[in-house]
Undergrad: 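One structure follows; several queries about it will come next.
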Amino acid sequence: MSFFGRGEGSAESAGAQLARQATASLAGLLAGLGKSRADLAKAMGVSPGRVSQIMSGDANLTVRTLASLADALDADVEIRFSPRGAQAAEGASVHSGEPVPLRGRDVAARRVG
């Protein structure tokens, strides 16, 4: 059992669900922009096969990959944590205000600097 009291299977399942959500969101953005997977591969400087791996929904996407995708599409990525269940119902908050979008170019600038 993990430190937070949840089994590895649960974390793996949640990770797979997050990857599917990310790729579904990405597919929707691509369609909305009228861009193809080949366009995305060219903008990222990767092979079309790599984009297919990413879009499969099975890839273990890193934050850097998400930032690269966002940068290639001139888009923002938002990652936020929020309480579940009883904590959410009780109004527990670990962050006040709206999530701050992370722009791909901001991540690249932070790595260089």
Side-chain angles (χ1 to χ4, degrees):
M1 186 158 298
S2 74
F3 178 78
F4 293 103
R6 298 179 62 194
E8 284 297 318
S10 179
E12 189 171 317
S13 175
Q17 182 179 354
L18 285 171
R20 287 190 301 273
Q21 288 173 350
T23 54
S25 178
L26 178 59
L29 179 60
L30 279 173
L33 294 172
K35 295 191 178 200
S36 68
R37 290 179 178 198
D39 295 330
L40 178 58
K42 185 175 180 179
M44 290 178 70
V46 300
S47 71
R50 175 62 182 136
V51 171
S52 290
Q53 288 175 337
I54 291 168
M55 298 296 293
S56 73
D58 293 329
N60 185 8
L61 302 174
T62 66
V63 173
R64 286 191 174 125
T65 299
L66 295 174
S68 180
L69 289 161
D71 193 45
L73 295 170
D74 194 28
D76 297 332
V77 176
E78 294 181 13
I79 299 173
R80 81 186 148 92
F81 292 85
S82 55
R84 289 189 201 136
Q87 292 175 338
E90 294 170 7
S93 176
V94 292
H95 173 70
S96 60
E98 295 297 314
V100 178
L102 178 64
R103 299 182 193 326
R105 60 187 166 275
D106 294 342
V107 172
R110 289 182 193 144
R111 278 187 294 198
V112 173

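Only a predicted model underlies this, so the values are computations on that prediction, with no experimental measurement involved.
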Undergrad: Closest heavy-atom contact between L61 and A22?
TA: CD1-CB, 4.0 Å

Undergrad: Flag the pair M44 / I54 as yes when at least one side-chain heavy-atom distance between them is below 4.5 Å, and no otherwise.
TA: yes

Undergrad: When you measure from the side chain of D71 to the backbone of S68, do you find a donor-acceptor pair of N or O atoms at a distance under 3.5 Å?
TA: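 Looks like no, no N/O pair under 3.5 Å.
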
Undergrad: Taking all non-hydrogen atoms of both residues, which atom of L40 and which atom of A72 are closest, and how far apart?
TA: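 In this case the closest contact between L40 and A72 is CD1-CB, 4.0 Å.
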
Undergrad: Given side chain to side chain contact (heavy atoms under 4.5 Å, CB included), test D58 with R20 step by step and report yes or no.
TA: CA-CA 7 Å; D58 293 329; R20 287 190 301 273; 5.7 Å; no

Undergrad: Under 3.5 Å, is there a donor on one side chain and an acceptor on the other for S13 and S10?
TA: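 Result is no, nothing qualifies.
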
Undergrad: Quick one: pull up OG in S36 and NZ in K42 and give me the separation to the nearest 0.5 Å.
TA: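 Those atoms lie 10.0 Å apart.
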
Undergrad: Please report the shortest heavy-atom distance between D39 and G34, naming the atom on each side.
TA: OD2-O, 4.4 Å

Undergrad: When you look at L73 and K35, which way does the side chain to side chain contact (heavy atoms under 4.5 Å, CB included) test go after all the steps?
TA: CA-CA 9 Å; L73 295 170; K35 295 191 178 200; 4.1 Å; yes

Undergrad: Say you draw a straight line from CG of D76 to CG of L66; how long is it, rounded to the nearest 0.5 Å?
TA: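 Rounded to the nearest 0.5 Å, the CG-CG separation comes to 12.5 Å.
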
Undergrad: Got a sec, which residues hit side-chain contact (heavy atoms from CB on, under 4.5 Å) with L18, two or more places apart in sequence or on another chain?
TA: Q21

Undergrad: Is P48 close to R37 at the side-chain level, that is, under 4.5 Å between some pair of heavy atoms?
TA: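 When only atoms from C-beta onward are counted, P48 and R37 do not touch, as no gap falls below 4.5 Å.
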
Undergrad: Under the criterion side chain to side chain contact (heavy atoms under 4.5 Å, CB included), I'd like the reasoning laid out for L33 against D74: C-alpha separation, chi angles, the key distance, then a yes or no.
TA: CA-CA 11 Å; L33 294 172; D74 194 28; over 6 Å; no

Undergrad: On a heavy-atom basis, which atom in G57 and which in T23 lie closest, and how many Å separate them?
TA: CA-OG1, 3.6 Å

Undergrad: Which heavy atom of A70 sits nearest to which heavy atom of V77, and what is that distance?
TA: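 Distance-wise, the nearest heavy atoms are CB-CG2, 3.5 Å.
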
